[in-house]
Amino acid sequence: MRDFLVAGNWKMNGSTASNAELVAGIVAGAPTSGSVKVLICPPFPYLSTVVAQVAGSSVAVGAQTVSEHEAGAFTGEVAPAMLRDIGCEYVIVGHSERRALYGETSFAVAAKFKAALDAGLKPILCVGETLEQRESGSTESVVEVQLGAVIDKVGIAGFATGVVAYEPVWAIGTGMTASPQQAQDVHRHIRNVMAGHDADIAAATQILYGGSMKGENAAGLLAMPDIDGGLIGGASLKAADFLAIAAAAAQG
Ligand code: 13P
């Protein structure tokens, strides 16, 4: 049986003062059930401080992106080993905002996924279709290509450590959540594609849902058999909202 992972992607939000309050609230209220892990992904400048703040708690910390390179002349970039060095456990790769706004290709995302694994991080691979792609019936092929690029690069064994997050682009920050059945159908498809490579890894891989997830809709989504948690944007910025999702996972 897979555990739940409830992950907050803070995106480019927060300050020293607001983060301190948010993290204190999350640490105080995170579920104690061993079957739910809570993860927070602050912007780079705050990672070390947040790592120190969660020390001794069950809350894990991750970054929102990472370089595909190990070290060197890459101005402005952050290496995977640096994230490990400061105590990050996870890193998000291939978020749709990175793909759409910063031109990250599936090929580049796969390189980041590999670099993260090589440094001992757990990469969370984001996949998902735009509204146009959904309406033209290509959701399954879009996620297959995004997933396939990573499998080509690291093999299915990469998902013995890695996580997948299905984030339909049309549901991100729009208040339009995928219905539990819509999400389940894509999650099942992702797991089936993975099972074509290795049934045991497919069965054990956590597949998170992301896109306007909140306390009110979390229970329905998390009750679906192939939804193993959430990658939460807006609702991860208030402790009570985020904890409501974690609580739904603890009951799920
Ligand atoms: P929202 O929860 O704000 O829709 O964002 C989802 C997301 O992009 C998480 O990575």
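Just so it is clear, the structure is predicted and the values come from calculations on it, not from any experiment. Just so you know, ligand 1 is whichever comes first in the structure, and atom 1 is the first atom listed for that ligand.
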Review point. Do any heavy atoms of Lys11 fall under 4.0 Å from ligand 1?
Key: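 Heavy atoms of Lys11 do come under 4.0 Å of ligand 1.
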Point to revise | Ala171 near ligand 1 by a heavy-atom separation under 4.0 Å | key: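 Heavy atoms of Ala171 do come under 4.0 Å of ligand 1.
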Review point. Which atoms of ligand 1 have any heavy atom of Gly211 under 4.0 Å away?
Key: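 Result: 4 (O), 6 (C).
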In the protein, what heavy atom is nearest to [atom], and what distance, to one decimal place, separates them?
atom	value
atom 7 (C) of ligand 1	Glu167 OE2, 3.2 Å
atom 3 (O) of ligand 1	Gly234 N, 2.8 Å
atom 6 (C) of ligand 1	Gly233 N, 3.7 Å

Point to revise | Note: Arg99-Glu104 ion pair, threshold 4.0 Å (strictly below) | key: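 Looking at Glu104 together with Arg99, the answer is no, because their closest N to O distance does not fall below 4.0 Å.
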Check your understanding: Does the distance from a Lys or Arg side-chain N to an Asp or Glu carboxylate O, for Glu89 and Lys122, drop under 4.0 Å?
Key ->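 Yes.
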Verify the distance criterion only: is there a donor paired with an acceptor across the side chains of [X] and [Y] at less than 3.5 Å?
X	Y	answer
Glu167	His95	yes
Trp170	Glu132	no
Ser18	Ser15	yes

Review point. Who passes ring pair (Phe, Tyr, Trp, His ring centres under 6.0 Å) against Phe4, sequence neighbours left out?
Key: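 Not a single residue meets the ring pair (Phe, Tyr, Trp, His ring centres under 6.0 Å) criterion with Phe4.
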Exercise for review: Taking all non-hydrogen atoms of both residues into account, name the closest pair between Pro42 and Val61 and its distance.
Suggested key: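 Smallest heavy-atom distance, with atoms named: CD-CG1, 4.1 Å.
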Geometric N/O contact [X] with ligand 1, under 3.5 angstrom:
X	answer
Ser212	yes
Gly173	yes
Gly210	no
His95	yes

Practice item. Look at the aromatic rings of Phe159 and Phe113 and report parallel, tilted or perpendicular, splitting at 30° and 60°. Key: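 Geometry flag for Phe113 against Phe159: tilted rings.
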**Study point:** Residue part near ligand 1, for Asn9, under 4.0 Å between non-hydrogen atoms
**Key:**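 The part of Asn9 near ligand 1 is the side chain, not the backbone.
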